[in-house]
Amino acid sequence: MTTIDDLLQRWEEHHDSGNPVTPEELCTDTPELLKELKWTIRALQAVDSQFGVIQSESDLTVGRQSERPDLAIHERVLIPSEYSIERLHASGGLGTVYLARDPVLNRRVAIKFPRWHRLTPDQAARFEREARVTGRLDHPGIIPVHAMRTDSEDRPCYVMRFVDGETLQSRIQRLHASSPATKPSSFFETNEFRQLLQNLVAVCNIVAYAHEQGVIHRDIKPANIISGPFGEVLLLDWGLAKVAGESTEDLLSNPQGRPDFDTLETRDGEVLGTPAFASPEQLLARADEITTLSDVYSLGATLFVLLTGSVSSGSSAFHEHLNRLKHGDRFSVHQQNPSIPAALEAICRQAMAIDPAQRYGSALQLADDLNCYLSGEA
(Lines give C-alpha, C1' and ligand atoms only; values in the text may rest on other atoms or scores of the structure.)
Protein backbone atom coordinates (compact mmCIF):
# COMPACT_ATOMS: atom_id res chain seq x y z
CA MET A 1 0.00 0.00 0.00
CA THR A 2 1.42 3.40 -1.04
CA THR A 3 1.73 5.98 1.71
CA ILE A 4 2.47 9.72 1.85
CA ASP A 5 6.01 8.91 2.92
CA ASP A 6 6.48 6.77 -0.19
CA LEU A 7 5.24 9.57 -2.42
CA LEU A 8 7.48 12.15 -0.71
CA GLN A 9 10.49 9.90 -1.19
CA ARG A 10 9.74 9.60 -4.91
CA TRP A 11 9.28 13.40 -5.07
CA GLU A 12 12.72 14.00 -3.58
CA GLU A 13 14.38 11.39 -5.79
CA HIS A 14 13.01 13.01 -8.94
CA HIS A 15 14.09 16.47 -7.85
CA ASP A 16 17.55 15.29 -6.81
CA SER A 17 18.02 13.73 -10.24
CA GLY A 18 16.99 16.96 -12.00
CA ASN A 19 13.75 15.52 -13.35
CA PRO A 20 10.97 17.03 -11.22
CA VAL A 21 7.46 15.66 -11.41
CA THR A 22 4.12 17.12 -10.39
CA PRO A 23 2.09 15.83 -7.44
CA GLU A 24 -0.59 14.80 -9.98
CA GLU A 25 1.88 12.54 -11.78
CA LEU A 26 2.89 10.90 -8.51
CA CYS A 27 -0.74 10.32 -7.46
CA THR A 28 -1.96 8.70 -10.67
CA ASP A 29 -2.71 5.46 -8.80
CA THR A 30 -3.58 7.12 -5.46
CA PRO A 31 -5.69 10.20 -6.24
CA GLU A 32 -7.08 10.16 -2.72
CA LEU A 33 -3.59 11.20 -1.48
CA LEU A 34 -3.14 14.10 -3.92
CA LYS A 35 -4.49 16.85 -1.66
CA GLU A 36 -2.47 15.68 1.34
CA LEU A 37 0.70 15.30 -0.78
CA LYS A 38 0.43 18.81 -2.18
CA TRP A 39 -0.13 20.27 1.28
CA THR A 40 2.86 18.35 2.69
CA ILE A 41 5.17 19.42 -0.14
CA ARG A 42 4.20 23.05 0.28
CA ALA A 43 4.77 22.85 4.03
CA LEU A 44 8.23 21.31 3.55
CA GLN A 45 9.21 23.89 0.96
CA ALA A 46 8.03 26.69 3.22
CA VAL A 47 10.47 25.46 5.87
CA ASP A 48 13.30 25.30 3.34
CA SER A 49 12.44 28.60 1.67
CA GLN A 50 14.54 31.63 2.58
CA PHE A 51 11.35 33.60 3.14
CA GLY A 52 9.38 30.85 4.85
CA VAL A 53 6.64 30.79 2.18
CA ILE A 54 5.99 29.27 -1.20
CA GLN A 55 5.18 31.95 -3.70
CA SER A 56 2.70 30.14 -5.94
CA GLU A 57 1.29 26.81 -7.04
CA SER A 58 3.79 26.74 -9.89
CA ASP A 59 6.63 26.42 -7.37
CA LEU A 60 5.64 22.79 -6.93
CA THR A 61 6.75 22.00 -10.49
CA VAL A 62 9.93 24.09 -10.52
CA GLY A 63 13.05 22.05 -9.89
CA ARG A 64 16.74 22.67 -9.91
CA GLN A 65 16.87 22.73 -13.69
CA SER A 66 15.38 26.25 -13.54
CA GLU A 67 18.10 27.64 -11.27
CA ARG A 68 20.60 29.99 -12.87
CA PRO A 69 24.13 28.55 -13.00
CA ASP A 70 26.78 30.27 -10.91
CA LEU A 71 28.14 33.48 -12.40
CA ALA A 72 31.63 33.24 -13.78
CA ILE A 73 34.33 35.32 -12.10
CA HIS A 74 34.58 38.76 -13.79
CA GLU A 75 31.33 38.19 -15.69
CA ARG A 76 29.82 41.56 -16.56
CA VAL A 77 26.26 42.51 -15.65
CA LEU A 78 24.71 45.55 -17.34
CA ILE A 79 21.97 47.24 -15.30
CA PRO A 80 21.03 50.48 -17.06
CA SER A 81 18.88 53.15 -15.47
CA GLU A 82 17.71 56.63 -16.43
CA TYR A 83 17.14 59.43 -13.96
CA SER A 84 14.59 62.19 -14.27
CA ILE A 85 15.71 65.56 -12.86
CA GLU A 86 13.09 67.11 -10.58
CA ARG A 87 14.71 70.23 -9.12
CA LEU A 88 17.92 71.90 -8.00
CA HIS A 89 18.77 70.91 -4.44
CA ALA A 90 22.05 72.65 -3.54
CA SER A 91 25.19 74.24 -4.98
CA GLY A 92 28.66 73.99 -3.50
CA GLY A 93 32.28 74.69 -4.28
CA LEU A 94 32.88 71.65 -6.46
CA GLY A 95 29.47 70.93 -7.91
CA THR A 96 25.73 71.29 -8.11
CA VAL A 97 23.33 68.71 -6.69
CA TYR A 98 19.93 67.95 -8.21
CA LEU A 99 17.08 65.91 -6.86
CA ALA A 100 16.09 63.22 -9.37
CA ARG A 101 13.94 60.10 -9.58
CA ASP A 102 15.08 56.60 -10.38
CA PRO A 103 12.12 55.13 -12.33
CA VAL A 104 13.39 51.55 -12.06
CA LEU A 105 13.32 51.41 -8.26
CA ASN A 106 10.88 54.32 -7.88
CA ARG A 107 13.07 56.22 -5.44
CA ARG A 108 14.52 59.70 -5.12
CA VAL A 109 18.25 60.10 -5.67
CA ALA A 110 20.72 62.98 -5.70
CA ILE A 111 22.83 63.62 -8.78
CA LYS A 112 25.92 65.80 -8.52
CA PHE A 113 27.32 67.62 -11.55
CA PRO A 114 30.48 69.73 -11.78
CA ARG A 115 29.68 73.40 -11.41
CA TRP A 116 31.70 74.11 -14.57
CA HIS A 117 29.96 73.54 -17.90
CA ARG A 118 33.19 72.79 -19.77
CA LEU A 119 35.76 70.97 -17.68
CA THR A 120 39.51 71.17 -17.90
CA PRO A 121 41.27 67.80 -17.57
CA ASP A 122 42.26 68.75 -14.00
CA GLN A 123 38.69 69.62 -13.05
CA ALA A 124 37.31 66.45 -14.60
CA ALA A 125 39.88 64.31 -12.78
CA ARG A 126 39.18 66.02 -9.48
CA PHE A 127 35.43 65.58 -9.85
CA GLU A 128 35.80 61.90 -10.68
CA ARG A 129 38.21 61.49 -7.79
CA GLU A 130 35.63 62.85 -5.34
CA ALA A 131 33.12 60.26 -6.53
CA ARG A 132 35.63 57.43 -6.25
CA VAL A 133 36.84 58.44 -2.78
CA THR A 134 33.28 58.79 -1.51
CA GLY A 135 32.26 55.54 -3.18
CA ARG A 136 34.98 53.53 -1.44
CA LEU A 137 33.79 54.58 2.03
CA ASP A 138 31.01 52.37 3.36
CA HIS A 139 29.59 53.95 6.50
CA PRO A 140 26.07 55.08 7.56
CA GLY A 141 27.46 58.57 8.08
CA ILE A 142 28.76 58.86 4.50
CA ILE A 143 26.31 59.15 1.62
CA PRO A 144 26.78 56.12 -0.67
CA VAL A 145 27.52 56.61 -4.36
CA HIS A 146 25.31 54.40 -6.55
CA ALA A 147 26.85 55.02 -9.96
CA MET A 148 28.86 57.35 -12.19
CA ARG A 149 27.21 58.57 -15.37
CA THR A 150 27.36 61.21 -18.10
CA ASP A 151 24.49 63.40 -19.24
CA SER A 152 23.32 64.12 -22.79
CA GLU A 153 26.15 66.66 -23.17
CA ASP A 154 28.73 64.13 -21.99
CA ARG A 155 29.26 65.91 -18.66
CA PRO A 156 30.26 63.58 -15.81
CA CYS A 157 27.98 63.16 -12.83
CA TYR A 158 27.47 60.67 -10.05
CA VAL A 159 24.35 59.34 -8.38
CA MET A 160 23.99 59.23 -4.60
CA ARG A 161 21.40 58.44 -1.99
CA PHE A 162 19.31 61.53 -1.38
CA VAL A 163 19.29 62.85 2.18
CA ASP A 164 17.23 65.92 2.97
CA GLY A 165 18.67 67.45 6.11
CA GLU A 166 19.91 70.62 7.76
CA THR A 167 23.54 71.64 8.12
CA LEU A 168 25.15 71.84 11.51
CA GLN A 169 26.08 75.41 10.63
CA SER A 170 22.46 76.54 10.33
CA ARG A 171 21.48 74.68 13.50
CA ILE A 172 24.31 76.33 15.47
CA GLN A 173 23.37 79.76 14.14
CA ARG A 174 19.72 79.26 15.07
CA LEU A 175 20.59 77.99 18.54
CA HIS A 176 22.87 80.93 19.36
CA ALA A 177 20.52 83.47 17.79
CA SER A 178 17.79 82.42 20.20
CA SER A 179 19.94 83.11 23.29
CA PRO A 180 21.66 86.21 24.74
CA ALA A 181 24.98 87.25 23.24
CA THR A 182 26.77 86.18 26.43
CA LYS A 183 25.42 82.73 27.14
CA PRO A 184 24.72 81.72 30.76
CA SER A 185 26.04 78.39 32.00
CA SER A 186 22.52 76.95 31.74
CA PHE A 187 22.72 77.35 27.95
CA PHE A 188 25.22 74.49 27.79
CA GLU A 189 22.84 72.13 29.59
CA THR A 190 19.90 72.61 27.23
CA ASN A 191 18.66 69.67 25.20
CA GLU A 192 19.34 71.56 21.97
CA PHE A 193 23.00 72.16 22.81
CA ARG A 194 23.56 68.60 24.03
CA GLN A 195 21.94 67.24 20.86
CA LEU A 196 24.39 69.18 18.70
CA LEU A 197 27.25 67.93 20.86
CA GLN A 198 26.03 64.35 20.30
CA ASN A 199 25.95 65.05 16.57
CA LEU A 200 29.59 66.11 16.77
CA VAL A 201 30.41 62.82 18.50
CA ALA A 202 28.81 61.02 15.56
CA VAL A 203 30.98 63.01 13.17
CA CYS A 204 34.08 62.04 15.16
CA ASN A 205 33.14 58.39 14.63
CA ILE A 206 32.64 58.94 10.90
CA VAL A 207 36.06 60.59 10.65
CA ALA A 208 37.65 57.77 12.65
CA TYR A 209 36.21 55.25 10.18
CA ALA A 210 37.60 57.23 7.24
CA HIS A 211 41.01 57.38 8.89
CA GLU A 212 40.92 53.61 9.35
CA GLN A 213 40.37 53.36 5.59
CA GLY A 214 43.35 55.61 4.90
CA VAL A 215 41.33 58.72 4.03
CA ILE A 216 41.81 62.20 5.55
CA HIS A 217 38.88 64.56 4.91
CA ARG A 218 40.74 67.92 5.13
CA ASP A 219 37.59 70.05 4.92
CA ILE A 220 35.58 69.34 8.08
CA LYS A 221 33.33 72.23 9.05
CA PRO A 222 29.72 72.72 10.19
CA ALA A 223 28.57 73.49 6.63
CA ASN A 224 29.72 70.01 5.56
CA ILE A 225 27.78 68.21 8.30
CA ILE A 226 24.07 67.55 7.95
CA SER A 227 21.51 65.88 10.17
CA GLY A 228 18.34 64.26 8.91
CA PRO A 229 14.87 64.19 10.41
CA PHE A 230 15.35 60.72 11.93
CA GLY A 231 18.61 61.23 13.79
CA GLU A 232 21.01 60.46 10.95
CA VAL A 233 24.24 62.49 10.86
CA LEU A 234 26.36 62.66 7.72
CA LEU A 235 29.70 64.19 6.74
CA LEU A 236 29.70 65.55 3.18
CA ASP A 237 32.12 66.80 0.52
CA TRP A 238 35.09 64.46 0.27
CA GLY A 239 36.51 66.29 -2.75
CA LEU A 240 39.64 67.44 -0.90
CA ALA A 241 40.27 64.12 0.82
CA LYS A 242 43.82 62.83 1.02
CA VAL A 243 44.12 59.10 0.38
CA ALA A 244 46.98 57.08 1.82
CA GLY A 245 49.45 56.04 -0.85
CA GLU A 246 47.99 58.36 -3.46
CA SER A 247 50.64 60.23 -5.42
CA THR A 248 48.75 63.27 -6.68
CA GLU A 249 49.52 66.96 -6.53
CA ASP A 250 48.42 68.32 -3.20
CA LEU A 251 45.42 70.58 -3.71
CA LEU A 252 46.05 72.71 -0.65
CA SER A 253 49.16 74.63 -1.71
CA ASN A 254 50.18 76.71 -4.70
CA PRO A 255 53.29 75.87 -6.77
CA GLN A 256 55.47 78.13 -4.61
CA GLY A 257 54.42 76.27 -1.48
CA ARG A 258 53.20 79.46 0.21
CA PRO A 259 49.61 80.00 1.39
CA ASP A 260 47.70 82.30 -0.92
CA PHE A 261 44.42 83.59 0.47
CA ASP A 262 42.86 84.08 -2.94
CA THR A 263 43.71 80.48 -3.83
CA LEU A 264 42.44 79.15 -0.52
CA GLU A 265 39.23 81.11 -0.77
CA THR A 266 38.34 80.76 -4.42
CA ARG A 267 40.23 77.95 -6.14
CA ASP A 268 37.48 75.60 -7.26
CA GLY A 269 35.33 77.19 -4.55
CA GLU A 270 36.77 77.64 -1.03
CA VAL A 271 39.29 74.86 -1.23
CA LEU A 272 39.92 74.94 2.50
CA GLY A 273 36.53 76.24 3.48
CA THR A 274 36.57 78.97 6.13
CA PRO A 275 40.19 79.37 7.32
CA ALA A 276 39.15 79.03 10.98
CA PHE A 277 38.53 75.31 10.45
CA ALA A 278 41.84 74.49 8.76
CA SER A 279 44.72 73.13 10.81
CA PRO A 280 47.93 75.18 11.11
CA GLU A 281 49.79 72.76 8.86
CA GLN A 282 47.14 73.25 6.18
CA LEU A 283 47.17 77.03 6.43
CA LEU A 284 50.97 77.11 6.37
CA ALA A 285 50.98 74.86 3.26
CA ARG A 286 52.97 72.09 4.94
CA ALA A 287 51.41 69.37 2.83
CA ASP A 288 53.77 66.66 4.07
CA GLU A 289 52.64 67.33 7.67
CA ILE A 290 48.93 66.86 7.00
CA THR A 291 47.79 63.72 8.83
CA THR A 292 44.72 62.39 10.60
CA LEU A 293 45.54 64.89 13.36
CA SER A 294 44.72 67.68 10.91
CA ASP A 295 41.15 66.42 10.88
CA VAL A 296 41.19 66.31 14.69
CA TYR A 297 42.02 70.02 14.67
CA SER A 298 39.08 70.72 12.34
CA LEU A 299 36.77 68.77 14.64
CA GLY A 300 38.02 70.93 17.50
CA ALA A 301 37.37 74.07 15.45
CA THR A 302 33.83 72.83 14.84
CA LEU A 303 33.42 72.40 18.60
CA PHE A 304 34.77 75.94 19.05
CA VAL A 305 31.98 77.31 16.85
CA LEU A 306 29.38 75.22 18.66
CA LEU A 307 30.55 76.65 22.00
CA THR A 308 30.92 80.28 20.93
CA GLY A 309 28.61 80.66 17.95
CA SER A 310 31.29 82.67 16.14
CA VAL A 311 33.67 81.98 13.30
CA SER A 312 36.15 84.18 11.48
CA SER A 313 35.92 84.61 7.73
CA GLY A 314 37.27 86.81 4.97
CA SER A 315 40.77 87.91 3.94
CA SER A 316 41.57 90.06 6.97
CA ALA A 317 40.43 87.33 9.36
CA PHE A 318 42.57 84.82 7.47
CA HIS A 319 45.75 86.88 7.84
CA GLU A 320 44.99 87.54 11.52
CA HIS A 321 44.44 83.85 12.08
CA LEU A 322 47.64 82.97 10.21
CA ASN A 323 49.71 85.45 12.23
CA ARG A 324 48.35 84.00 15.49
CA LEU A 325 49.34 80.51 14.40
CA LYS A 326 52.85 81.63 13.43
CA HIS A 327 53.33 83.06 16.90
CA GLY A 328 51.96 79.96 18.58
CA ASP A 329 48.81 81.65 19.85
CA ARG A 330 45.80 79.42 20.27
CA PHE A 331 42.12 80.06 20.60
CA SER A 332 40.44 80.18 23.96
CA VAL A 333 36.69 79.76 24.22
CA HIS A 334 36.78 81.40 27.65
CA GLN A 335 37.87 84.61 25.94
CA GLN A 336 34.56 84.44 24.11
CA ASN A 337 32.45 83.43 27.10
CA PRO A 338 33.68 82.62 30.66
CA SER A 339 30.49 80.61 31.29
CA ILE A 340 31.55 77.84 28.92
CA PRO A 341 32.12 74.65 30.97
CA ALA A 342 35.78 74.15 31.85
CA ALA A 343 35.69 70.54 30.66
CA LEU A 344 34.56 71.57 27.16
CA GLU A 345 37.16 74.34 27.17
CA ALA A 346 39.85 71.75 27.89
CA ILE A 347 38.58 69.38 25.20
CA CYS A 348 38.46 72.15 22.62
CA ARG A 349 41.91 73.44 23.56
CA GLN A 350 43.50 70.02 23.22
CA ALA A 351 41.83 69.27 19.89
CA MET A 352 43.00 72.66 18.51
CA ALA A 353 46.56 72.49 19.81
CA ILE A 354 49.03 74.23 17.47
CA ASP A 355 51.46 71.31 17.75
CA PRO A 356 49.82 68.16 16.31
CA ALA A 357 51.61 66.06 18.91
CA GLN A 358 49.65 67.86 21.64
CA ARG A 359 46.25 67.09 20.10
CA TYR A 360 44.10 64.04 20.69
CA GLY A 361 45.78 61.05 19.10
CA SER A 362 42.65 60.17 17.14
CA ALA A 363 39.11 61.27 16.41
CA LEU A 364 37.92 58.41 18.63
CA GLN A 365 39.79 59.83 21.62
CA LEU A 366 38.07 63.15 21.06
CA ALA A 367 34.71 61.37 20.83
CA ASP A 368 35.44 59.52 24.08
CA ASP A 369 36.05 62.76 26.00
CA LEU A 370 32.91 64.35 24.55
CA ASN A 371 30.92 61.28 25.58
CA CYS A 372 32.40 61.49 29.07
CA TYR A 373 31.21 65.08 29.33
CA LEU A 374 27.74 64.19 28.08
CA SER A 375 27.45 61.38 30.61
CA GLY A 376 28.68 63.56 33.49
CA GLU A 377 32.01 61.75 33.91
CA ALA A 378 35.36 63.42 34.51
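Numbers for residues simply follow the sequence, beginning at 1.
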Requested in this report: Evaluate the ring pair (Phe, Tyr, Trp, His ring centres under 6.0 Å) criterion for residues Tyr98 and His89: first the C-alpha distance (whole Å), next the side-chain angles of each, then the deciding distance (0.1 Å), finally the verdict.
Outcome: CA-CA 5 Å; Tyr98 290 86; His89 177 63; 9.9 Å; no
Requested in this report: For Ser294 and Thr291, test the side chains for any donor-to-acceptor distance below 3.5 angstrom and give the result as yes or no.
Outcome: no
Report task. Report the residue from Phe188, Phe187, Phe193 that forms a ring-ring contact (aromatic ring centres under 6.0 Å, His included) with His176. Result -> Phe187
Query raised in the report: Does the pair Gln169 and Val305 meet the rule for a side-chain contact (heavy atoms from CB on, under 4.5 Å), with working shown?
Result: CA-CA 9 Å; Gln169 175 176 288; Val305 176; over 6 Å; no
Query raised in the report: With the threshold set at 4.0 Å, does a side-chain nitrogen-carboxylate oxygen contact exist between Lys112 and Glu130?
Result: yes
Query raised in the report: Is there a side chain to side chain donor-acceptor pair (under 3.5 Å) between Tyr297 and Gln282 once you walk through the steps?
Result: CA-CA 10 Å; Tyr297 182 97; Gln282 288 175 268; over 6 Å; no
**Report entry** Charged N-O contact under 4.0 Å between Lys38 and Glu24
**Finding:** yes
Report task. Give, for atom CD1 of Ile111 and atom CZ of Arg149, the distance between the pair rounded to the nearest 0.5 Å. Result -> 9.5 Å
Report task. Considering non-hydrogen atoms only, spot the tightest contact between Ala363 and Val207 and give its length. Result -> CB-CG1, 4.1 Å
**Report entry** Spacing of CG belonging to Asp237 relative to CG belonging to Asn224, to within rounding of 0.5 Å
**Finding:** 4.0 Å
Query - Verdict with reasoning, Asp295 to Thr292, per side chain to side chain donor-acceptor pair (under 3.5 Å) - result: CA-CA 5 Å; Asp295 278 351; Thr292 57; over 6 Å; no
Query raised in the report: Taking the side chain as C-beta and beyond, is there a heavy-atom pair between Gln195 and Arg171 under 4.5 Å?
Result: yes
Report summary line: Only one of Cys204, Ser279, Ser298 passes side-chain contact (heavy atoms from CB on, under 4.5 Å) with Ile220, and that residue is Ser298
Query - Ile225 CD1 to Thr167 OG1 distance, which is reported to the nearest 0.5 Å - result: 9.0 Å
Query raised in the report: Given the side-chain rings of Phe127 and Phe113, with only the six-membered ring counted for Trp, is the space between their centroids under 6.0 Å?
Result: no
Query raised in the report: Between Ser91 and Arg115, does any side-chain donor sit less than 3.5 Å from a side-chain acceptor?
Result: no
Report task. Report the distance from atom CD1 of Ile226 to atom CG of Leu235, rounding to the nearest 0.5 Å. Result -> 9.5 Å
Query raised in the report: Does Glu192 pair with Arg174 as a salt bridge, N-O distance under 4.0 Å?
Result: no
Query - CG on Leu344 to CG on Leu303, rounded to 0.5 Å - result: 6.5 Å
Query raised in the report: Are side-chain heavy atoms of Arg136 and Val243 found at a separation under 4.5 Å?
Result: yes
**Report entry** Val159/Val145 under side-chain contact (heavy atoms from CB on, under 4.5 Å): CA gap, chis, key distance, verdict
**Finding:** CA-CA 6 Å; Val159 184; Val145 174; over 6 Å; no
